[in-house]
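What follows is a single structure, written as structure tokens, with notes after it.
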Amino acid sequence: MNSRVHARQQAQLAWDISGQNLIVGQREACPLPPEVLATLTAASPYVIQSFGGGLTAQVLRLSIDGREYTLKQKRAEARVQNIDGQTSFLNEVQRRADFTRLKADPVWAARLQHIVPTLYADYRLGIILSPWLPGAPLARFDTAIFRQILQTVVTCEEAGLMEWDLCPGNIIDDDGHVWLFDFGYMYPFDPLREFNSNGLSDPLFHACERFETRNFFGWLLKQSVQQPNAESLALFRALKEVAVEVYQHKLCWLQQQEASAVVCDWVRDITQRWQAALVDDEALAALFEIEYFRSQVLDIEDDLHGKSCTELTLRRFAVVEQCLQQRYAALQQGGALFYDNAGKSQAELLTLYRHKRALAEQYQLR
Ligand SMILES: Nc1ncnc2c1ncn2[C@@H]1O[C@H](COP(=O)(O)OP(=O)(O)OP(=O)(O)O)[C@@H](O)[C@H]1O
Ligand SMILES: [Mg+2]
């Protein structure tokens, strides 16, 4: 277990049993007393829609005196066994407090216009109240959308907050204006001296990778893209062009702030790799292959870890196994075989993924 992660988890568990409370905002911002909000159920006449599928919370859409609100209520018992799941509501209230502080500063406020405002939150009551955001889960991509997401997530990183879960259900598209509103898995880190909230141990994870792994490449998989075609390559190009622009800005900021050489070099290397791939379609297709494989491998581990496999997980296996069969040498050279996969032969990896696939078949959510 990563010591940085372990320390954060222990601090959150200790805080939880300490009995302290964390309140964000003023109770006057609530249309009903917070104690009443905490007891509302989906059957209440104020509730016009409910999202009961969350593992640690339920979300109610309220309509009160002509205004609409989103009420997130903590479950008495989280439906997940792991510590990060159990502390995700606390974590989200902590991040709501961070964003409320940041948004009070006009310099940050302008850069955080895609982060939902918090009207009120009370950890011990188990409530987070936000305005209702019209729109729908993000299901289309273009340059403007890529730019809003990456600029926002990199702004969060500059503020010392690393977002891990940019999945489709956590991004709303309101007619081209994107919103982020679920911060259950966003953790503090030192952006000048660490790669992410795991410290310096996992350079693999950063804003663009998180968006690709949790969202973009899963979306392509749902469109049945097994290998890059003209359309998916064009979208990938648009994404990487924005990513280069945003990461170059981040590098300038890191240098101005006198960040450590290891962090500056890491951002510079990532950016240069993308720039090299943007020179022609062949280089871009090679990068697509490496990163597509990487993201499917990472998401398979997430699904297996959470025992939350779906039909999409099985499709991820199809990509991974096909890539291993046909492009093993390219994956190895491109650095796509990392962690447990590093140093394994093609045959060993194919056997490993056959076993993992059998597990994923057992863990199918029904
Ligand atoms: N402010 C909001 N405006 C509109 N819709 C929202 C808002 N907040 C949440 N939603 C809707 O509710 C759904 C669930 O919200 P959210 O992602 O915050 O919790 P969750 O992921 O269900 O919780 P858990 O962390 O327990 O899994 C979202 O996918 C989105 O459709
Ligand atoms: Mg969510």
Side-chain angles (χ1 to χ4, degrees), residues 9 12 16 24-25 29-31 37-38 40-42 46-64 67-100 103 112-123 126-140 149 152-153 156 161 163-187 210-211 213-215 218-219 299 302-303 305-308 310 365:
Q9 289 176 338
Q12 287 182 317
D16 190 27
V24 183
C30 298
L37 290 175
L40 291 184
T41 67
Y46 295 118
V47 175
I48 54 174
Q49 195 176 359
S50 68
F51 301 80
L55 297 175
T56 62
Q58 74 161 345
V59 170
L60 302 176
R61 175 181 176 186
L62 311 179
S63 175
I64 302 174
R67 281 186 67 186
E68 291 195 6
Y69 303 86
T70 307
L71 178 66
K72 194 166 184 176
Q73 292 173 323
K74 183 179 188 291
R75 288 188 192 288
E77 283 292 328
R79 288 188 191 152
V80 270
Q81 294 306 313
N82 60 61
I83 296 179
D84 286 343
Q86 283 163 351
T87 54
S88 77
F89 196 89
L90 167 60
N91 193 70
E92 176 152 17
V93 178
Q94 291 176 328
R95 302 294 78 78
R96 297 293 189 127
D98 295 337
F99 282 128
T100 299
K103 278 173 175 276
L112 294 172
Q113 55 174 309
H114 299 277
I115 298 284
V116 70
T118 302
L119 297 171
Y120 189 74
D122 181 320
Y123 177 64
I127 56 167
I128 301 171
L129 187 71
S130 315
W132 173 256
L133 305 167
L138 179 65
R140 69 191 172 107
I149 294 172
T152 301
V153 182
C156 294
L161 301 171
E163 173 55 57
W164 287 84
D165 191 9
L166 291 167
C167 69
N170 287 346
I171 304 181
I172 282 176
D173 171 11
D174 176 16
D175 206 13
H177 184 101
V178 157
W179 286 102
L180 303 187
F181 52 85
D182 179 356
F183 313 113
Y185 299 91
M186 174 184 267
Y187 303 118
R210 287 289 79 203
F211 172 63
T213 297
R214 296 296 292 145
N215 200 315
W219 180 84
D299 243 24
D302 260 11
D303 289 354
H305 180 69
K307 300 190 177 172
S308 55
T310 61
L365 291 174

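Note that ligands are numbered from 1 as they come in the structure, with each ligand's atoms numbered from 1 the same way.
Note on ligand 1: Pro137 sits outside its first shell, no heavy atom being nearer than 4.0 Å.
In terms of protein heavy atoms, atom 22 (O) of ligand 1 is closest to Gly54 CA, 3.3 Å. Of the protein's non-hydrogen atoms, the one nearest atom 10 (N) of ligand 1 is Phe181 CE1, 3.9 Å. The protein atom (non-hydrogen) at minimum distance from atom 14 (C) of ligand 1 is Val59 CG2, 3.8 Å. Protein heavy atom in closest approach to atom 5 (N) of ligand 1: Trp132 CZ3, 3.2 Å. Closest to atom 21 (O) of ligand 1, if we only count protein heavy atoms, is Asp182 OD2, 3.1 Å.
When the options Ile127, Asp122, Thr118, Ile128 are evaluated for a side-chain contact (heavy atoms from CB on, under 4.5 Å) with Val93, the one that passes is Ile128.
Contacts between Pro131 and ligand 1 below 4.0 angstrom, taking non-hydrogen atoms only, involve the backbone exclusively. Using a 4.0 Å cut-off between heavy atoms, Leu133 contacts ligand 1 through both its backbone and its side chain.
By the 4.5 Å heavy-atom criterion applied to side chains, Pro31 and Arg67 are not counted as neighbours. Within the 4.5 Å cutoff, the side chain of Phe211 has no heavy atoms near those of the Val153 side chain. Side chains of Val116 and Leu180 form no contact here, defined as non-hydrogen atoms less than 4.5 Å apart. For the pair Leu60/Leu37, no side-chain contact is recorded, criterion being any heavy-atom separation below 4.5 Å from C-beta on. The side-chain heavy atoms of Ile115 and Phe183, taken from C-beta on, include a pair separated by under 4.5 Å.
Between Phe51 and ligand 1, not a single N/O pair is under 3.5 Å apart. For ligand 1, the polar-atom distance check against Gly169 finds a nitrogen or oxygen pair separated by under 3.5 Å.
Numbered from 1 in the order shown, with element, the atoms of ligand 1 that lie under 4.0 Å from a heavy atom of Thr70 read 1 (N), 2 (C), 3 (N), 7 (C), 8 (N), 9 (C). Taking every non-hydrogen atom of Lys72 and a distance limit under 4.0 Å, the qualifying atoms of ligand 1 come out as 16 (P), 18 (O), 19 (O), 23 (O). The contact set between ligand 1 and Asn170, taken as ligand atoms under 4.0 Å from a residue heavy atom, comprises 17 (O). Within the listing of ligand 1, atoms 24 (P), 26 (O), 27 (O) sit less than 4.0 angstrom from a heavy atom of Leu55.
Judged by distance alone, the side chain of Arg75 and the main-chain N or O of Gly54 form a donor-acceptor pair under 3.5 Å. When atom types are taken as modelled, the side chain of Asp174 and the backbone of His177 share no donor-acceptor pair closer than 3.5 angstrom. At least one donor-acceptor pair closer than 3.5 Å links the side chain of Trp219 to the backbone N or O of Ala139. Asn170 places a side-chain N or O within donor-acceptor distance of the main-chain N or O of Asp165, the cut-off being under 3.5 Å.
The closest heavy-atom contact to atom 25 (O) of ligand 1, among the options Thr56, Ile171, Leu71, comes from Thr56.
Here Asp182 meets the criterion, with an N, O or S atom under 2.8 Å of the Mg ion (ligand 2).
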